[in-house]
Amino acid sequence: MVNRQQTTVNRRFLQLMAHSSWLKVFIFCLLSFAFCQNITAQQVTDSITRPRVGVVLSGGGAKGFAHIGALKVIEEAGLPIDYIAGTSMGSIIGGLYAIGYSPETMIRLIKEENWDAIMSDAIPQKYIPIDDKILDRHYLATFPFRDKKIQMKSSIYDGSMINLLLARLISPAYKIRDYNTLSIPFLCVATNIENAEAYEMTKGNLQRSIRASMSIPFYFPPVEVDGRLLIDGGLRNNFPVPNVREKGIDIIIGVDVQRDFRSKEELTSMAKIMDQMIAMSDIDTYKEAKEDADIYIKPELAKYGMMDFNSYDTIIALGEAEARKLLPQLKRLADSIKNIQDYKIVRPDVVPFDSIYVVSLKIDGAKEENASFIKKSFGKNYPSKMAIHDIENSIMSIYATGYYNDIWYDLVPAAKGANLVIHCKEKEEETVSIAAHYDTDYGIGILANITLKNILNFPKRSTLAADLNIAEDPYFKLRFHSNLSQKFKYGTDISVISLFMDQYHDKTINNSYSVQDNKMDLFMEYMPTLEQQFRVGLVGNYVHLRDNLVHVVDADNYDFIAHAYLNYHIDNEDSPTFASRGWKLNINGKYIIPVIELEDGSRMGHSIIVKADFDGSIAIGAKHSLKMGTSIGSSFSTNEVPLSYRFFVGGQSRMKYFDNIISFEGLRFTQLYGDNIAIGKISWQYNFYRNFYAIAKCNGGFIADDYSTWFSSDNFTIGGGVTLGMNTKAGPIEVSLMGSNRCSDLIGFLNIGYWF
């Protein structure tokens with residue numbers, strides 16, 4: 001009873017010292033003496049110690065960056081911090097501060113991150129396997145398919161990128177499992193989804209505790225900690241002042257970035273609604289915590305939402321500005337505490353680890369044969385010193401294969417370093433995905449995809465996928481791929497594709513073909529790096545080619561064409577849609593096997609078709625880039641090359657129907673065709689405002705049937721145009737206007753969405 005009364009007296013005394021005149025303090029002392037008359041003077045003297053100060057940081061998503069500005073001012077005031085606690089984003093900032101990060105270091109680290117990529121689990125292009133770059137799929141929605149039913153995913157994103165970020169930032173504290181032994185004792189709060197109760201965490205794996213505390217419902221999946229399934233702590237205790245008070249803390253400074261309730265007119269996005277739901281769910285607890293805070297700092301953040309991570313500069317400044325208003329009060333409090341007992345603040349200067357000595361590598365969550373596959377991606381023998389960057393590279397490469405999710409790593413203390421434990425879950429599931437696209441060349445298309453990963457006992461690490469494009473030019477594709485190792489893959493691609501192609505003389509159609517191509521491709525791949533691929537394969541085409549203007553009588557004619565091919569592909573561009581750095585090269589050689597029977601009963605002669613495509617991008621400043629490219633192809637044959645194997649030139653679309661359709665600025669879709677092409681392209685890209693960009697393009701070259709007249713002036717074509725575009729989550733939206741020496745008028749082009 002005596003200790004509790006004395007704590008209350010000390011707390012009120014320090015509040016008055018910070019807020020009031022000396023006369024009020026003197027009167028308060030007299031009243032306090034009367035209140036605590038059962039405490040002798042000797043008891044009071046013996047029990048006087050420096051009052052303990054705690055800081056509590058609320059959740060609020062990106063608005064939590066304001067905590068850094070507030071901590072900066074608290075440091076400037078010279079106040080000691082004996083305990084720090086946080087929820088959600090407050091747990092991240094509070095945890096880093098407890099480890100020993102300074103506000104300046106945190107600001108520097110925040111500026112170095114790509115927050116759009118982290119919050120959307122976007123894997124950098126350099127980690128995406130070359131096969132996936134070539135496929136280049138971006139679905140509008142993906143749903144698990146279980147028990148013959150389409151179900152909802154537990155979250156929009158896996159959170160693997162935020163897992164890596166937290167592991168790197170918390171690496172200096174990897175040996176600590178009791179948060180009371182951090183440079184500042186720390187706790188964070190999550191919500192137990194099984195019983196809807198707040199769960200306080202003061203021990204265990206620090207990165208997983210923080211990860212659980214900020215696991216936004218439906219955005220990130222729940223996290224299992226201590227046998228409990230946890231989500232964002234803001235749902236039950238977004239401002240854990242009582243938790244810190246229970247630790248015996250006398251003075252609590254609360255920094256609250258939770259916004260006031262929005263009106264119905266303001267609730268216009270999922271992020272705003274989620275922000276409101278979190279505020280609603282713990283309203284009574286929040287009010288009590290707010291009243292219990294001794295010093296309350298609430299930055300003015302009404303203009304910012306929980307997902308405004310790119311506004312970190314302004315949000316940090318607003319947090320500092322609000323705290324600075326209370327700086328005189330904070331300094332008076334610091335002086336008052338020093339008058340009771342002097343103190344000296346000594347803080348470590350912590351930065352993330354660059355490397356660590358890894359004693360052993362363990363894989364948790366994968367079958368034995370797949371664990372061996374994962375270990376090979378690390379490419380080291382242990383014990384060995386390993387850069388944190390290399391650990392992240394390997395994990396992102398594993399995640400990019402699509403066979404695993406919820407990937408994170410743990411550094412478990414060992415005698416001479418750490419045991420590296422990779423945690424993951426194998427994707428043994430079926431998914432159904434939907435995509436949509438429209439462009440002027442191909443019209444509208446709705447793509448339905450079903451993908452089955454790791455569901456076969458043999459072969460391992462296999463993918464079976466089916467695509468159905470419901471469109472004016474429909475197609476069906478079936479893919480079976482299996483990874484023998486990190487570098488070798490085999491499989492088969494089966495497709496049925498229908499396409500109309502018109503050729504023009506200026507505005508007049510002089511040829512019109514409808515093609516139905518039924519194809520089976522058996523292949524073997526070698527991938528020396530994630531960016532390179534050598535593929536050898538054998539293809540059988542059962543082709544129906546109808547000339548809609550001339551050979552209508554041949555409507556039921558099908559030809560079987562077989563060819564062997566060798567392909568080399570390298571792609572290190574930084575974006576699939578708006579590349580500003582890197583280049584890609586695709587070289588393809590086909591040998592058409594002479595199996596086609598000609599009209600005179602003989603067989604078609606030998607044919608070889610070679611084609612090379614190159615594209616390169618050079619960044620010029622932060623907003624400009626120069627893009628150059630070329631396409632060269634030639635056919636060598638003792639007879640006429642089958643029409644479906646010739647090069648068709650024109651249009652802007654990059655839809656993946658046939659590899660012999662080459663886009664050309666200023667020409668209508670497939671306007672020209674020939675056996676030999678040599679085309680050069682150059683464009684200037686300008687990202688003039690956020691996701692908006694403009695492109696000026698020019699291309700020119702030669703298209704000819706006959707090799708001897710390939711580079712004659714009659715076969716020269718030149719064109720150019722301008723494009724205005726915008727990158728959206730559903731894909732680019734582009735409007736183009738172009739012209740060429742083959743067209744007497746300008747041609748428009750509209751594209752909406754990603755190509756598939």
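Using modelled atom types, one finds a donor on one side chain and an acceptor on the other under 3.5 Å when comparing Asp493 with His481. Residues Ser482 and Ser462 have side chains that never bring a donor and an acceptor to within less than 3.5 angstrom of each other. In summary, the side chains of Ser683 and Lys627 do not present any donor paired with an acceptor at a separation below 3.5 Å, with no hydrogens or angles considered. In summary, the side chains of His606 and Tyr591 do present a donor paired with an acceptor at a separation below 3.5 Å, with no hydrogens or angles considered. Side chains of Asp158 and Tyr399: a donor-acceptor N/O pair is present below 3.5 angstrom, by distance only. Side-chain atoms of Asp517 and His544 form no donor-acceptor pair, as typed in the model, at a separation below 3.5 Å. Side chains of Tyr565 and Asp521: a donor on one and an acceptor on the other come within 3.5 Å. Checking Asp613 against Ser631 by side-chain atom types alone, a donor-acceptor pair falls below 3.5 Å. Tyr442 and Asn469 are not linked by any side-chain donor-acceptor pair at a separation below 3.5 angstrom, with hydrogens and angles left out of the test. For the residue pair Asp675 and Tyr707, no side-chain donor N or O sits within less than 3.5 Å of a side-chain acceptor on the partner. Counting only N and O atoms by type, the side chains of Ser580 and Ser625 include no donor and acceptor under 3.5 Å apart. No side-chain donor from either of Gln503 and Ser512 sits under 3.5 Å from a side-chain acceptor of the other.
Taking a cutoff of 4.0 Å between a charged side-chain nitrogen and a carboxylate oxygen, Asp467 and Arg479 qualify as a salt bridge.
Partners of Asp745 according to the side chain to side chain contact (heavy atoms under 4.5 Å, CB included) rule, which considers only residues two or more places apart in sequence or in another chain, are Lys507, Arg668, Cys743. Asn518 pairs by the side chain to side chain contact (heavy atoms under 4.5 Å, CB included) definition with Val496, Gln516, Tyr542, Tyr558, not counting sequence neighbours. Shown here are the side chain to side chain contact (heavy atoms under 4.5 Å, CB included) partners of Ile444, two or more places apart in sequence or in another chain: Tyr438. In terms of the side chain to side chain contact (heavy atoms under 4.5 Å, CB included) criterion, residue partners of Thr529 (sequence neighbours excluded) are, by chain and number, Glu531, Gln532.
Aromatic ring centres of Tyr475 and Tyr657 lie closer together than 6.0 Å.
Between the Asp121 side chain and the Met161 main chain, a donor and an acceptor come within less than 3.5 Å of each other. Looking only at distances, no side-chain donor or acceptor of Asp615 sits under 3.5 Å from a matching main-chain atom of Ser617. A distance-only check finds a donor-acceptor pair linking the side chain of Lys681 to the backbone of Ser663 [under 3.5 Å]. Using modelled atom types, one side-chain atom of Asn660 and one backbone atom of Arg646 make a donor-acceptor pair closer than 3.5 Å.
In summary, of the residues considered (Ile398, Ile407, Thr401, Ile395), a side chain to side chain contact (heavy atoms under 4.5 Å, CB included) with Ile374 occurs for Ile398 alone.
Pairs passing the ring-ring contact (aromatic ring centres under 6.0 Å, His included) check and including a residue from residues 492-521, sequence neighbours excluded, do not occur.
When side chains are defined from C-beta on, Trp684 counts as touching His624, because their heavy atoms get closer than 4.5 Å.
The cationic group of Lys376 does not satisfy the cation-pi geometry with Phe378, failing either the under 6.0 Å distance to the six-membered ring centre or the 45° limit from the ring axis.
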Pairs under 3.5 angstrom only: tabulate donor-acceptor contacts from the side chains of residues 695-705 to other protein residues two or more places apart or in another chain.
unit_1 : atom_1 : unit_2 : atom_2 : d
Asn699 : OD1    : Glu665 : N      : 2.6
Asn699 : ND2    : Glu665 : O      : 3.1
Asn699 : ND2    : Gly719 : O      : 3.2

